[in-house]
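All ligand and atom numbering here is 1-based and tracks the order in the structure.
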Amino acid sequence: MSIACYENLSENIVKSFKLDTKNTSYVIGVVDEEQFLGHMYYGARLNDYHLAHILRINEAPFVPTKNNRDRGSFLDSFPMEYPAHGLGDYREDCIRIETKTGNMGLSMNYISHKITSGKPALAGLPATFGTEDECSSLEILCEDSHTGLQAALLYTVFEDVDIITRSVRVINAGKDTVYLTKVFSACLDMDNKDFEAISLHGSWARERCIQKTPVGHGKFSVESTRGKSSHQDHPFMAIQTKGTTQECGEVYAMNFVYSGNFKAMVQNDQFDQIRMVMGIHPDGFKWKLNPGSEFQAPEVVMVYSDEGLGKMTRTFHDFYRNHLIRGEYKDKKRPILINNWEATYFDFNTEKLIAIAKQASELGIEMLVMDDGWFGNRCDDNRALGDWIVNEEKISGGLKYLVDEVNKLGMKFGIWFEPEMISPDSDLYRAHPDWAIAIPGRVGTRSRNQYVLDLSRRDVLDYTYESIAKILRSANIEYVKWDMNRELTDLGSAVLPTDQMGELYHRYVLGVYELQDRMMKEFPYLLVENCSGGGARFDPGMLYYSPQIWSSDDTDAVERLRIQEGTALIYPLSAMGAHVSDCPNHTVGRVTPFETRGYVALAGTFGYELDVTKIPAEDRAMIPEQVAMYHKYNDLVREGDYYRIASYSENNYYDCYGVVSKDKKEALFTFVQVINRANYHSRRIFLKGLDPEKRYAIEGEEGTYTGDVLMKAGYLIQNPWGDFKGRLIHLTEA
Ligand code: DGJ
C-alpha cells in the first residue's frame, strides 16, 4: 500500500500519514491534543517517516495547548494542511462560511480517517480515475467542533505515475444551515526555496503563454471569474526553484480539474514560508448547506518533479492520457478533418460543402466538419443560437442527405454546436426569455450578441440536451465540435431562490458537465472536440469529456509555436486541436510556407481549416504528403514522451521540440526557424530523451549516430534560407 499511517510519532505528533509514489513522498501530521492537521512534507521520495522536527512544534511559543496565551502565533505560522478562515491564520485560507449569526471563523481539525484501494468518483464532477491496482486513497475527516461543519479531505496516490490528487467534500454535520463562501481543493505549505511561479496567461487567439514570476513577499494569483477557465488565465500553477530548466530543478505543480471560476495563488509570508492554494474562485460563490447536506469541490492534480519542467510535463501527459481522457478515441488515431470555418465562415450551402469534401477526399482527408451557420436563421453571429433546426435553405436536401453524400465520398461527417447559448434574436428566446442567465429588470450584457442559458434549471438542461441529441440521432454524425463563445455576466437565475443565487456559477458548470456526460453515454462512438472561442476552456475538466480540445482560433504557424508550447507544458499532444489554415493568416495576416504550417499542426490532432478548392495548386499538391506524414508519425506523437529542446518565445529565433517513443526506438523532432539571422553557421541542437547507447539513423541522411552523440555533442541543422522554415528530424533505431 502506498499510504501508511503511523501513531504517536513524538510527544506532540499524534499521528502521521505518509503517501508514497515511486519518486515522491507526501507527509501529513496530526498535531497536539486538538488534532491540528499539519503539512510535513512534499517532495522527493523519503525512506523514513520520522519528520516530527519539520513541524517546529516544540519551538516556543508555537505549541497551541501549552501556550494558549499566544495561540495566534501558532495559527499564523504552522504549516497547515487545510487552513480555515478567521481564527488567526492570516495567510490565504481554504475554507470560509457564514453562519446564521453572520460569523465566519472555523478550524478544521482531524477526527478520523480511512484508507482504501482505488479512487471514489466525485459526484457530478469530472475527475481522474484508476483501478484498485493503480491507486489508493486516504480520506481524512476534519471537523470544526463549534459549528459541526466537516471537511473530508481526499488524497489519491497513483504510485507508478508519481501523481497525487486532492479534493474536498464539505458536510454540514451541524444543526444549523450554513453558507459555504469559499472552498479550495488543495493547499501546500512549505519553506521558501527562492521559488518562482509559472503560470499560463493569454487572451483570445493568444492562449497559454508561459510566464515566470519571482515569488516575492505577498501574494501572486491567477484566476478566472468569467464562468469558464478562460483565455486569460489558466487553472494551473507551478512553483519552481530559481534556475529550473527542462532537466534540472524542483517543481511543484497544481492543475485544476474544473472548467469554471478558479483561483490559484502562491503567497510568501513574514517567515518566508510559502503557501500555494487552488480551488473554485470565492468571488460570486455562496453555497447553501442545510444540515446533513454536502458540497463536493473539484479535484486538483499535483506533480512534484526534481528533474525540472520536462519531467513535470511528461508526468502530466502520461497521467492525463491514461487516467483522465476517456472514450472511443482515447488511444486512437483521430480522422484527419477539414473544417469549413476559415474556409467559408457563414457563407456555405450543401453544394459548397460537398465540393470541399470531394476535393478533400481525393487528397486523403478523412472527415468534413460543418462549423457554425447550419441552423435556424444563422446567417451571421448575431442570431439563432438555441434554434437547433437545420436551415434547409442552406443545407438543401437536409442534413441526412449531406451526411450521406459525404459518407459516399468515404469521409466521416462532423458538426458544430454551441449548446450553452441563446441569441436574443432566436425563436427560443422569444418563447423563453427567462431561460437566459440575467438579472431581472437589468438589460443584460451581450457578448457576440448572445446570452448564456441558465443550465442550473432542469427544464433548460433537458430541452438543450434533446435539441442537440435530436440532430445527432438524425444522421450518421461521428464528430461534434462543442463551442462556447462568451463569458458569464449578469448572474441571475429566474428559478434559484435568493439565498442560493451564489450557486449559479457552479451549477452552470455542473450543467455543462451533465450535458456532455449524457451525450457521451447516448453516443459513445462520437469524437468530441471541446472549444471555447478557440482555447478558453482547454482544461482537465473538459478533457474528461473530450479527448481533444481546439487550442486556439489563431492558426498562424508562428503564433501556434508559442500557444502549443504553453499547452503542451501540461496537456498531451493527442489533446491539442491543430489545423493547417490558409494564408495570409486570418488572425495575424502572416504568410508562412504551407509546409511549415503542416509541420506545426502535426504536433497536435492535425486537420485543415481552409477551402481546399481555392488554395494555390502547389499548396494543395502538398496535402497528400502531409496526410502520409500524419499517418506515419501520429502514433508516436500521440503516445510518445515529449521533450522541449528550444523555445522560440524565449530565444526569439527558433523553436524545437520532439517526441520519443517509450521504447526509445523512434523519435520525431520538429525544428522551426522563425527568423533567419545573417552570417550564422548551421544551428546545433541537442536532442533529448534518446537512449545514449542506441544507434539511430536519421531519415533522408547517410550514416548513423549514437543517442549520446546526438544529445551531448548535438545535431547540426543546416541554416535554412529565409524565415518560417521548418524541418522534421525522424530517427529510428539503426
Ligand atoms: C469559435 C471557434 O473557436 C471557431 O473555430 C468557430 O467554430 C467559431 N467559434 C464559430 O462561431
Side-chain angles (χ1 to χ4, degrees), residues 202-208 226-232 259 337-348 352-353 356 367-388 391 394-395 413-423 425-426 446-453 468 471 477 479-487 512 527-539 542 546 548-556 559-560 563-564 567 575-582 585-588 597 601 604-611:
S203 184
W204 172 75
R206 204 173 0 95
E207 297 88 340
R208 291 175 296 286
R226 295 168 187 264
K228 58 179 175 179
S229 43
S230 90
H231 294 100
Q232 288 74 11
S259 314
L337 66 81
I338 183 157
N339 176 302
N340 75 309
W341 178 241
E342 286 195 26
T344 65
Y345 295 100
F346 294 97
D347 182 18
F348 64 89
K352 259 197 197 174
L353 292 177
I356 291 176
M367 178 161 73
L368 175 77
V369 174
M370 177 171 70
D371 210 280
D372 194 355
W374 55 266
F375 52 93
N377 180 27
R378 184 82 168 166
C379 50
D380 57 26
D381 62 5
N382 286 313
R383 66 204 83 244
L385 292 169
D387 296 344
W388 300 111
N391 178 333
K394 275 180 166 180
I395 310 301
F413 184 90
I415 198 165
W416 176 98
F417 288 106
E418 194 176 356
E420 301 159 56
M421 298 293 149
I422 180 165
S423 302
D425 180 4
S426 67
R446 294 184 189 189
S447 180
R448 216 189 188 206
N449 215 352
Q450 62 200 53
Y451 295 136
V452 182
L453 279 169
I468 56 166
I471 297 286
I477 297 169
Y479 161 105
V480 163
K481 178 174 173 187
W482 183 299
D483 204 349
M484 193 280 194
N485 283 302
R486 63 159 289 178
E487 274 95 28
V512 175
L527 171 58
V528 180
E529 176 155 357
N530 265 292
C531 167
S532 179
R537 225 166 40 182
F538 201 126
D539 59 59
M542 297 324 289
S546 63
Q548 60 193 56
I549 300 178
W550 184 227
S551 310
S552 178
D553 275 347
D554 195 336
T555 51
D556 170 65
E559 291 297 292
R560 274 293 181 128
I563 294 166
Q564 295 182 183
T567 308
M576 231 163 45
H579 297 166
V580 175
S581 63
D582 202 7
N585 180 268
H586 294 196
T587 310
V588 293
R597 284 176 257 161
T605 56
F606 197 74
Y608 293 87
E609 182 116 2
L610 38 74
D611 188 343

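Residue Glu609 has no N or O atom closer than 3.5 Å to an N or O atom of ligand 1. Checking only distances, Cys531 never comes within under 3.5 Å of ligand 1, N or O to N or O. Considering both main-chain and side-chain atoms, Ser532 never comes within under 3.5 Å of ligand 1 through any nitrogen or oxygen pair. Between Asp372 and ligand 1, an N or O atom pair is found at a separation short of 3.5 Å. Taking only nitrogen or oxygen atoms, main chain and side chain alike, Asp483 reaches within less than 3.5 Å of ligand 1.
With hydrogens left out, the protein atom closest to atom 5 (O) of ligand 1 is Lys481 NZ, 2.7 Å, a heavy atom. At the shortest separation from atom 4 (C) of ligand 1 among protein heavy atoms lies Asp553 OD1, 3.4 Å. Protein heavy atom nearest atom 7 (O) of ligand 1, with residue, atom name and distance: Asp371 OD1, 2.7 Å.
Residue contacts with ligand 1 for Asn339 are absent, since no atom lies close enough (heavy atoms, distance under 4.0 Å).
A side chain to side chain donor-acceptor pair (under 3.5 Å) with Asn449 is found for exactly one of Asp380, Asn382, Asp381, namely Asn382. Tested against Phe417, the residues Tyr479, Trp388, Trp482 include a single ring-ring contact (aromatic ring centres under 6.0 Å, His included) partner, Trp388.
With hydrogens and angles left out, the side-chain atoms of Arg208 and Thr567 include a donor and acceptor closer than 3.5 Å. Side chains of Thr555 and Glu342: a donor on one and an acceptor on the other come within 3.5 Å. If you check the side chains of Thr344 and Lys352, you find no donor sitting under 3.5 Å from an acceptor.
Between Gly577 and Ser551, the closest heavy-atom pair is O-OG, 2.9 Å.
Ion pair Lys228/Glu420 not flagged as a salt bridge, since none of the NZ, NE, NH1 or NH2 atoms sits closer than 4.0 Å to an Asp/Glu carboxylate oxygen.
Numbered from 1 in the order shown, with element, the atoms of ligand 1 that lie under 4.0 Å from a heavy atom of Arg448 read 10 (C), 11 (O). Near Gly533, with a cut-off below 4.0 Å to any heavy atom, the atoms of ligand 1 are 1 (C), 3 (O).
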Audit row: Gln450, Asn485, side chain to side chain donor-acceptor pair (under 3.5 Å) steps and yes/no: CA-CA 9 Å; Gln450 62 200 53; Asn485 283 302; 5.7 Å; no
